[in-house]
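Because the structure is a prediction, the values reported are computed rather than measured. Residue numbers begin at 1 in each chain, while the letters A, B, ... track the order of the sequences.
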Amino acid sequence: MDYDPVCQIDRDPDDLVTINIGPTHPAMHGTLRVIAKTDGETIVSAEPEIGYLHRGVEKLGENFTYHQFIPLTDRMNYCSAIASNVAYEMAVEKLMGIKVPPKAQLVRTIMMELARIADHQVLVGILGVDLGALTPFFYLIIQREEIYDIFEWYNGARLTNTFGRIGGVNADLPDKFHEKWPTLRDTIRKANEETDALLTKNRIWLDRSVGVNAFSAEDALNWGFTGPCLRACGVKRDLRRDEPYMFYDQFDFKIPVGKHGDVFDRYMIRMEEMEESVKIIDQAYAMYQEMPEDAPLMAKVPKIIKPPEGECYHAIETPNGELGFWIRSDGSDKPYRIKIRPPCYMVYQAFGELVKGDMISDTIACLSSLNIIAGELDR
Amino acid sequence: MSLKERVQRCLGDDVIAITEYRGDLGIEVPKGNIVSVLTRLKEDETLGFDFLTDLFGVDNLDYYAKKKKKPKKKAAGEEELVEEEEDKGPPPPRFEVVYLLQALKTNERLQVKIRVPEDDMEVDTITTIWKAADWPEREAFDMFGFKFRGHHNLRRLLMWDEFEDHPLRKDYPLEGKGEERHLSYD
Amino acid sequence: MEDWIIDLIKVVFIWVWCLLIAVVMTWVERRASAMMQDRLGPNRAGPFGLLQPLADGIKLFTKEEIIPEKAKSILYVLGPALFALPAFSAYAVVPFGDKIVLGGKEIILQVADVNIGFLYVLAIGSMGVYGMVVGGWASNNKYSILGGLRATAQLISYEVPLGLALLAVVLLYGTFSLREMVFQQSGTFLGFLPNWGFFKQPLGFILFLVAAYAEASRVPFDLPEAESELVNGYHTEYGGMKLGLYLFGEYVNLGTLSAIIVTIYFGGWQLPYVDMSAFLGPVAYGIASFLVFFLKQAFFLFLFVWVRWTVPRFRYDQLMGLGWKSLIPLCLVNFFITALLVQLTV
């Protein structure tokens with residue numbers, strides 16, 4: 001049968017539209033970029049392109065002294081800078097064989113868990129915004145500001161904290177913390193309840209998140225996932241439990257685990273981890289109060305830090321997952337090589353596989369739920 | 001059995017050197033055997049290193065040179081003599097690739113290192129074992145210039161595609177060489 | 001007074017009224033959302049930030065008019081106009097009050113009491129999609145085109161439930177004239193309820209409301225402009241007053257849709273149980289009827305804002321599924337039940 005030539009559309013089966021999402025796009029937190037090939041609204045392939053926030057932190061680290069490097073770690077995961085600071089400090093302490101006094105460890109624990117709550121609050125809020133629900137964002141961000149108040153009382157910085165020193169912390173918990181924490185604990189819980197009521201029980205939210213970007217545990221391990229993204233896939237792995245550092249082996253807390261590794265699981269795990277973090281802070285604070293007032297906050301550390309020759313790797317569980325530092329010292333006052341193992345770097349490389357076959361809207365939801373922080377990703 | 005013994009039993013002759021520092025066990029293996037070594041470490045029942053934490057390169061350009069310098073300060077007048085004295089044997093290969101492995105069941109960690117000489121930068125890819133090695137290998141290529149044989153998409157990751165140098169090498173100046181990125185919009 | 005002068009005054013009045021609603025709505029939206037989100041909202045320009053819309057208007061008017069180099073310039077300029085005009089025009093047949101007696105002349109508070117007002121509303125309402133599609137196409141931007149395509153599919157899909165829900169009302173009232181429909185809603189229903197379309201057509205009302213939200217492309221149906229996915233959808237490339245017209249048109253649309261909901265389902269200008277004309281003078285009655293209509297309209301305008309800041313956004317396929325698989329079958333069921341009941345009771 002002869003076709004009317006007018007009706008014959010010359011269409012190549014690979015005739016796809018390339019959409020360049022980012023690096024400046026409302027949903028690309030920071031400077032992420034995804035080159036997506038779409039067939040209508042469906043993603044055929046998505047390739048993340050990174051490096052727009054690359055500042056050469058590792059190269060700078062080779063030219064800074066050990067203490068000078070701490071402020072650079074703030075700028076990695078700026079949503080929870082304290083966790084990055086502590087991760088680095090602990091790696092150097094391991095390299096030098098320093099034992100940090102228990103009171104300093106408790107101060108670190110409390111501040112790190114506060115940072116974890118703040119980080120998760122941002123994530124849940126932004127996930128809501130990216131799916132069109134703006135209101136929970138404000139409920140959570142108000143609480144985050146309260147947490148940042150505590151950080152500000154501690155050393156004057158809200159976002160990039162430069163918390164602690166190698167060998168301990170430079171200051172005790174601020175006085176106002178003792179009044180603030182009991183009320184803050186309640187308001188954090190209340191904000192979470194309100195968010196829960198607006199999102200978790202919302203049918204549209206469930207439609208948008210349940211089953212979206214489901215990822216199997218096997219794939220997640222193969223791709224090097226850590227942290228909440230891995231736990232959402234059903235793998236119970238948390239360095240706080242598996243390789244206990246500080247006092248985490250003495251605290252009583254649950255490790256929430258998901259089942260399907262979809263957006264909803266990632267969201268729920270963050271919601272539950274906030275609650276667990278509140279519990280951890282309560283326990284750490286109780287231990288802290290038993291400490292004598294004049295307990296030391298710093299270990300004996302030489303003024304100029306010159307670790308002996310050698311190399312070691314140390315990782316802790318930051319809000320995003322395993323953040324590790326591999327440091328090689330050549331005996332001088334500067335690290336010979338610092339390698340940072342950012343958690344979202346490993347997660348983001350699987351992005352193309354995660355969103356394949358989904359719709360454009362799901363891409364945005366997926367990206368938000370993975371919590372990709374450009375500062376940490378590109379270093 | 002300690003981890004060290006189990007690793008030695010599993011790998012046998014492939015272990016060139018073992019280092020242990022602050023509880024971190026590191027082994028050096030021959031460059032050509034890296035894929036088989038990692039596969040054995042992953043599949044061995046007593047070890048089960050089934051998780052690739054990270055992969056990265058190290059440039060040891062001045063690491064050994066610095067060691068030589070140490071006595072130099074003490075005897076400033078005899079610089080040349082000292083250097084000749086210190087020059088024992090051929091220098092070790094300039095680059096290293098370090099693989100950080102993790103065993104999820106036993107929570108053990110292991111560092112596997114290979115030495116890569118400057119004139120032979122080809123390394124076998126391990127993306128066939130762990131997909132997680134995809135970007136770290138690209139980054140190691142970007143920063144040091146390792147050529148990962150068999151990598152499906154070995155392009156620059158953090159630096160732009162037209163960039164020519166490898167910035168994490170020790171001989172690359174901190175302030176750069178004045179490269180500028182010119183974007184062309186077509 | 002000549003008839004045409006009266007008509008002209010009414011046209012101008014409605015025009016200004018629509019603009020006023022849109023302007024005030026921009027303020028209400030911000031203040032109400034701020035209230036819901038524990039923040040202050042605009043509070044610098046004038047008392048309670050009431051002059052904020054004015055400041056925005058001045059900003060939009062004085063901004064540089066940019067037409068992207070590769071945009072199709074005629075269509076690019078035409079888009080916002082095509083979007084805003086139908087929104088204003090639909091108001092022409094809405095009865096915004098009963099009648100007022102001025103200088104011994106009886107004036108009905110409606111620009112044109114056409115006997116096919118109902119069809120006119122549907123026809124003009126579906127014109128709005130051209131503004132989105134033309135704007136999206138002419139911008140020569142992939143996000144804009146995607147937004148325009150989404151708008152096409154969404155608005156055409158939701159025309160159907162919108163029309164079907166209204167068709168059941170037509171069966172009920174037996175007329176196409178909106179004014180006639182309001183008159184039929186006086187008195188009581190079942191002895192104690194106001195005789196409003198809402199009580200006779202509860203399912204129809206909910207279906208119409210959902211379809212209306214989709215027609216207005218507000219959250220949860222704001223897919224054409226979904227700012228986190230498509231930057232700003234069909235008006236990504238627009239700026240200055242052209243963007244202002246799009247934003248304005250959206251609020252005028254809300255006003256129109258609220259007015260239609262009030263007219264068809266909530267008794268228009270009538271108060272329940274009370275006949276205002278019995279005890280008010282002719283001038284006062286005219287004003288009072290208009291105020292009652294406006295209060296009802298204001299409630300639905302606020303409902304739009306309320307919903308917008310409460311729920312997330314649908315995904316494209318879910319939106320289509322809701323429209324075709326849920327709303328349309330329900331509309332048909334509603335239609336047949338209404339037909340049956342009307343047949344049995346007449």
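Environment of NZ in B:K105: sparse, with no more than 12 heavy atoms of neighbouring residues, nucleotides or ligands closer than 6.0 Å. Within a 6.0 Å sphere centred on CG of B:D13, heavy atoms belonging to other residues, nucleotides or ligands number 12 at most. Around atom NZ of B:K42, more than 12 heavy atoms belonging to other residues, nucleotides or ligands sit under 6.0 Å away. Atom CD of B:E162 has more than 12 heavy atoms from other residues, nucleotides or ligands within 6.0 Å. Counting heavy-atom neighbours within 6.0 Å of A:E218 CD, excluding the residue itself, gives a total of 12 or less. Remark: A:I304 CD1 is loosely packed, at most 12 non-hydrogen atoms of other residues, nucleotides or ligands lying under 6.0 Å away. Within a 6.0 Å radius of NZ in A:K37, no more than 12 heavy atoms belonging to other residues, nucleotides or ligands are found.
Here the shortest heavy-atom pairing between A:Q349 and B:A132 reads NE2-O, 2.9 Å. Between B:L168 and A:R337, the shortest heavy-atom contact is CD1-NH1, 3.7 Å. In this structure, B:R22 and A:L95 approach most closely via the heavy-atom pair NE-O, 2.8 Å. Scanning all heavy atoms of the two residues, the minimum distance from B:L157 to A:Y345 falls at CD2-OH, 3.3 Å.
Interface residue B:I129: only backbone heavy atoms are found under 4.5 Å from chain A. Heavy atoms closer than 4.5 Å to chain B are found in the backbone of A:I340, but not in its side chain. B:K113 touches chain A through its side chain: at least one heavy atom from C-beta onward sits under 4.5 Å away, while N, CA, C and O do not. Residue contact with chain B, scored on non-hydrogen atoms closer than 4.5 Å, is absent for A:P342. With a 4.5 angstrom heavy-atom cutoff, B:L25 does not touch chain A via any of its atoms. A:A315 touches chain B through its side chain: at least one heavy atom from C-beta onward sits under 4.5 Å away, while N, CA, C and O do not. Looking at A:D378, the atoms closer than 4.5 Å to chain B (heavy atoms on both sides) sit in the backbone and in the side chain alike.
Annotation: side chain of A:L221 is not in contact with side chain of B:D50 (no heavy-atom distance under 4.5 Å). Contact check for B:F56 versus A:R341: no side-chain heavy atoms found under the 4.5 Å cut-off. The closest side-chain heavy-atom distance from B:D54 to A:Y313 is not below 4.5 Å. With a 4.5 Å cut-off on side-chain heavy atoms, A:Y348 and B:W135 count as touching. Looking at heavy atoms from C-beta onward, A:K94 lies in side-chain contact with B:D24 at the 4.5 angstrom threshold.
B:L100 CG to A:K339 NZ: the interatomic distance, rounded to the nearest 0.5 Å, is 8.5 Å. Atom CZ of B:F51 and atom CH2 of A:W223 lie 13.0 Å apart (nearest 0.5 Å).
In terms of modelled atom types and a separation under 3.5 Å, the side chain of B:N107 and the main chain of A:E243 share no donor-acceptor contact. Judged by distance alone, with hydrogens and angles left aside, the side-chain atoms of A:Y336 form a donor-acceptor pair with the main-chain N or O of B:D59 at under 3.5 Å. At least one donor-acceptor pair under 3.5 Å links the side chain of A:K59 to the backbone N or O of B:Y172. One N or O on the side chain of A:N222 and one on the backbone of B:K131 form a donor-acceptor pair closer than 3.5 Å.
The most heavy-atom pairs under 4.5 Å with chain A, out of B:V98, B:V58, B:N153, B:T19, come from B:V58. Of the listed residues A:E49, A:M96, A:H314, the one with more heavy-atom pairs under 4.5 angstrom with chain B than any other is A:M96. Among the candidates B:A133, B:G26, B:P136, the residue making the largest number of heavy-atom pairs closer than 4.5 Å to chain A is B:P136.
Listed by chain and number, the residues in a salt bridge (charged side-chain N to carboxylate O under 4.0 Å, His left out) with A:K300 amount to none (sequence neighbours excluded). Taking A:R237 as the reference, A:D242 meet the salt bridge (charged side-chain N to carboxylate O under 4.0 Å, His left out) condition, with sequence neighbours excluded.
Defined by atom type and a distance below 3.5 Å, a donor-acceptor pair is missing between the side-chain atoms of A:E309 and B:Y21.
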Self-check item: CA sep, side-chain torsions, deciding dist, call: B:T53, A:T226, side-chain contact (heavy atoms from CB on, under 4.5 Å)
Solution: CA-CA 9 Å; B:T53 310; A:T226 49; over 6 Å; no
Exercise. Kindly indicate, with the supporting measurements, whether the criterion side-chain contact (heavy atoms from CB on, under 4.5 Å) is fulfilled by A:E62 and B:K170.
Key: CA-CA 9 Å; A:E62 293 171 10; B:K170 286 282 174 181; 3.1 Å; yes
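Salt bridge present: A:E47 and B:R155 bring a charged side-chain N and a carboxylate O closer than 4.0 Å. Remark: B:R109 engages A:E322 in a salt bridge, criterion side-chain N to carboxylate O under 4.0 Å. Classification of A:R328 and B:E96 as a salt-bridged pair holds, one side-chain N sitting under 4.0 Å from a carboxylate O.
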